[in-house]
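Everything on this sheet refers to the single structure shown next.
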Amino acid sequence: MKLLAVLGNPIAHSKSPLMHNALYDRLGIDAIYTRRLIANGERLREDFDALGVAAANITVPFKEFAFAQADEVRGDAAAIGAVNTWVREDGRLIGYNTDSAGFWQAIAHFDTPTNALILGAGGTARAVAVGFAKARENGQVRGECIVLNRSADRLAFFADRGIKTASWDHLIDQPFDLIINTTSAGLKSDDLPLEVAALSRYLAAARYAVDVIYGRETPFLRLAHEMGKTVQDGEAMLVAQGALAHKLFFPDTSADFAAIARIMQTALRLPTQWR
Ligand code: NDP
């Protein structure tokens with residue numbers, strides 16, 4: 001039996017065990033996926049080794065630690081500087097980032113947004129912004145993306161990679177087709193990710209509003225919905241990053257992405273008493 005886990009702090013709320021265990025159940029995979037509270041990011045790898053798990057997902061606030069402590073990082077993770085998936089390979093620890101592809105996969109059904117405004121400049125914004133270039137190559141989006149953050153401190157990462165940035169002090173006066181909230185505003189508060197007048201102006205010109213937060217209707221999505229926009233919360237991204245991680249955990253799996261994602265999404269939506 002293979003043991004896997006999600007590591008983070010806090011971790012009790014994580015839906016990853018529910019999604020992955022439902023998949024093992026449905027596909028007859030001999031594995032268990034659990035969760036583990038980690039106290040100290042400096043000791044992430046030691047805790048991972050002590051747990052005896054074959055592979056793991058790493059979540060808030062340890063993705064940078066997971067990046068630093070991997071023996072090798074592959075794919076998007078190198079450019080993002082954050083890892084959410086660890087897999088052992090020939091005794092070495094390989095780090096990947098499935099948040100980036102997961103986000104773009106989750107909105108693949110949108111009708112080619114012409115450009116995007118990313119609100120926030122944290123780890124999730126990095127994953128979304130770094131993935132933008134690939135999404136454009138794939139014809140999924142056009143134009144450019146701009147990262148807009150409350151403070152200017154975290155914008156250097158994006159500017160260094162040629163991604164346009166702005167802060168609340170210097171808003172950009174142009175229309176955006178797709179507005180993405182990657183801030184934690186609305187996660188536990190009733191905050192909007194941007195002052196209401198400016199946000200309403202941006203939303204008025206947009207077709208799509210996406211929030212990476214899931215499990216509640218955020219004030220951002222509520223406002224966008226009231227303004228008649230096509231809205232989507234973070235559940236599909238959660239499922240997509242999990243489905244992509246599964247394919248890294250079990251490379252021999254015969255199930256395709258869509259089949260995996262369907263099982264995970266169904267598990268999330270089952271009423272508690274039937275899980
Ligand atoms: P970080 O802590 O790295 O970044 C938080 C960002 O939010 C910063 O840019 C910060 O701005 C901004 N922010 C926080 N509060 C406010 C506010 N009140 N108003 C405006 N901006 C604010 O967080 P992460 O990127 O790791 O996570 C962000 C969100 O993404 C979380 O809610 C998390 O749950 C969600 N998430 C969802 C996933 C999914 O699969 N659906 C996957 C990963 C994350 P400043 O720099 O000025 O402080």
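We're numbering straight along the sequence, starting at 1. Side chains included, hydrogens not; waters and symmetry mates left out as well; all remaining heavy atoms used. Computed from a predicted model, the values in this text were never measured in an experiment. All ligand and atom numbering here is 1-based and tracks the order in the structure.
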Within ligand 1, which atoms have a heavy atom of [X] less than 4.0 Å away?
X: G123; value: 3 (O), 25 (O)
X: G120; value: 9 (O)
X: K63; value: 43 (C)
X: G234; value: 41 (N)
X: S151; value: 45 (P), 46 (O), 47 (O)
X: I213; value: 32 (O)

Looking at [atom], what's its closest protein heavy atom, distance included?
atom: atom 34 (O) of ligand 1; value: L187 CD1, 4.2 Å
atom: atom 16 (C) of ligand 1; value: R150 NH1, 3.3 Å
atom: atom 14 (C) of ligand 1; value: S184 OG, 3.4 Å
atom: atom 28 (C) of ligand 1; value: T182 O, 3.1 Å

**Item:** From T34, N57, V6, residue fulfilling side chain to side chain contact (heavy atoms under 4.5 Å, CB included) relative to P17
**Value:** V6
**Fill in**
Residue pairs meeting side-chain hydrogen bond (donor to acceptor under 3.5 Å, both in side chains), one or both in residues 219-230, sequence neighbours left out, come to E217-R222
**Request:** Could you tell me whether a side-chain N or O of Q105 sits under 3.5 Å from a main-chain N or O of A240, the two making a donor and an acceptor?
**Result:** no
**Request:** Report yes or no: does W168 have a heavy atom closer than 4.0 Å to ligand 1?
**Result:** yes
**Prompt:** Does R43 have any side chain to side chain donor-acceptor pair (under 3.5 Å) partners at least two apart in sequence or in another chain, and if so, which?
**Reply:** E46
**atom 24 (P) of ligand 1 protein-contacted, heavy-atom criterion under 4.0 angstrom** = yes
**Request:** Can you figure out which of K188, R154, E195, R126 has its heavy atom closest to atom 2 (O) of ligand 1?
**Result:** R154
**ligand 1 contact on T183 by region, counting heavy-atom pairs under 4.0 Å** = both
